[in-house]
Amino acid sequence: QVQLVESGGGLVQPGGSLRLSCVASGLTLDNYVIGWFRQAPGKEREGVSCITVRDGIRQYLQPEKGRFTIAAVNAENTVTLQMWKLTPEDTAVYYCAAVPLSDYDGECDDYGMEYWGKGTQVTVSS
């Protein structure tokens with residue numbers, strides 16, 4: 001059974017940084033695409049970044065490119081999202097999601113993801 005557990009969220013001041021972690025169980029990272037998504041209050045869920053772990057291919061959805069870095073730690077079955085220069089607009093619940101590489105359509109969007117974590121809250125506020 002695939003399970004994704006996010007951690008690392010919290011309250012941070014504008015301009016600060018956070019690193020989110022997604023620990024995966026019941027799957028082998030190399031055979032999956034792992035993505036980070038977020039949902040702000042009153043808004044639809046949106047993609048942040050995806051990684052094809054086997055190839056190391058990273059996708060970033062604007063405007064996160066340059067401020068966020070996604071990485072996989074295979075030995076720990078973990079995918080992280082390092083975030084810098086956070087603004088109040090980054091406030092959201094951040095979700096980790098996964099889809100088998102064989103089912104991935106190349107688009108880092110929530111429509112194609114098959115497994116989801118419960119999310120971790122990120123609040124950017126002074």
Check step by step if side-chain contact (heavy atoms from CB on, under 4.5 Å) holds for I51 and W36.
CA-CA 9 Å; I51 183 168; W36 283 97; over 6 Å; no

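- With R45 as reference, D110 is the one residue of D109, D110, V93 to meet the side-chain contact (heavy atoms from CB on, under 4.5 Å) rule.
- E6 places a side-chain N or O within 3.5 Å of a backbone atom of C96 that can act as its donor or acceptor partner.
- Between the side chain of T80 and the backbone N or O of Q82 there is no donor-acceptor pair closer than 3.5 Å.
- R58 contributes a side-chain N or O that, together with a main-chain N or O of I70, makes up a donor-acceptor pair within less than 3.5 Å.
- For the pair C50 and G35, the tightest heavy-atom approach, listed with the atom from each and the gap, is SG-CA, 3.7 Å.
- Note that the OG atom of S49 and the OH atom of Y60 stand 4.5 Å from one another [nearest 0.5 Å].
- To the nearest 0.5 angstrom, E107 atom CD is 7.5 Å from Q59 atom CD.
- When the options Y94, Y95, W116 are evaluated for a ring-ring contact (aromatic ring centres under 6.0 Å, His included) with F37, the one that passes is W116.
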Please assess Q121 against T91 for the test side-chain contact (heavy atoms from CB on, under 4.5 Å), listing each intermediate value before the final yes or no.
CA-CA 8 Å; Q121 176 71 47; T91 294; 4.0 Å; yes

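- Surrounding CD of Q3 are at most 12 heavy atoms belonging to other residues, nucleotides or ligands under 6.0 Å away.
- Side-chain contact check for E46 versus L61: every heavy-atom pair is 4.5 Å or farther apart.
- In this structure, the side chains of V12 and M83 stay at 4.5 Å or more apart for every pair of heavy atoms.
- Side-chain heavy atoms closer than 4.5 Å link hydrophobic residues (I, L, V, M, F, W, Y) into clusters, and following such links, possibly through other members, connects L81 to V122.
- Nearest heavy-atom pair across R67 and K85 is NH1-O, 3.0 Å.
- A72 and V53 make their closest contact through CB-CG1, 3.9 Å (heavy atoms, listed as atom of the first residue, atom of the second, distance).
- Side-chain contact check for P14 versus V124: some heavy-atom pair is nearer than 4.5 Å.
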Residues 20-34 side chain polar contacts: donor-acceptor under 3.5 Å, at least two apart:
residue : atom : partner : partner atom : Å
D30     : OD1  : N74     : ND2          : 3.0
N31     : OD1  : R54     : NH2          : 2.6

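- Considering CE of M113 and SG of C108, their distance stands at 5.5 Å, rounded to 0.5 Å.
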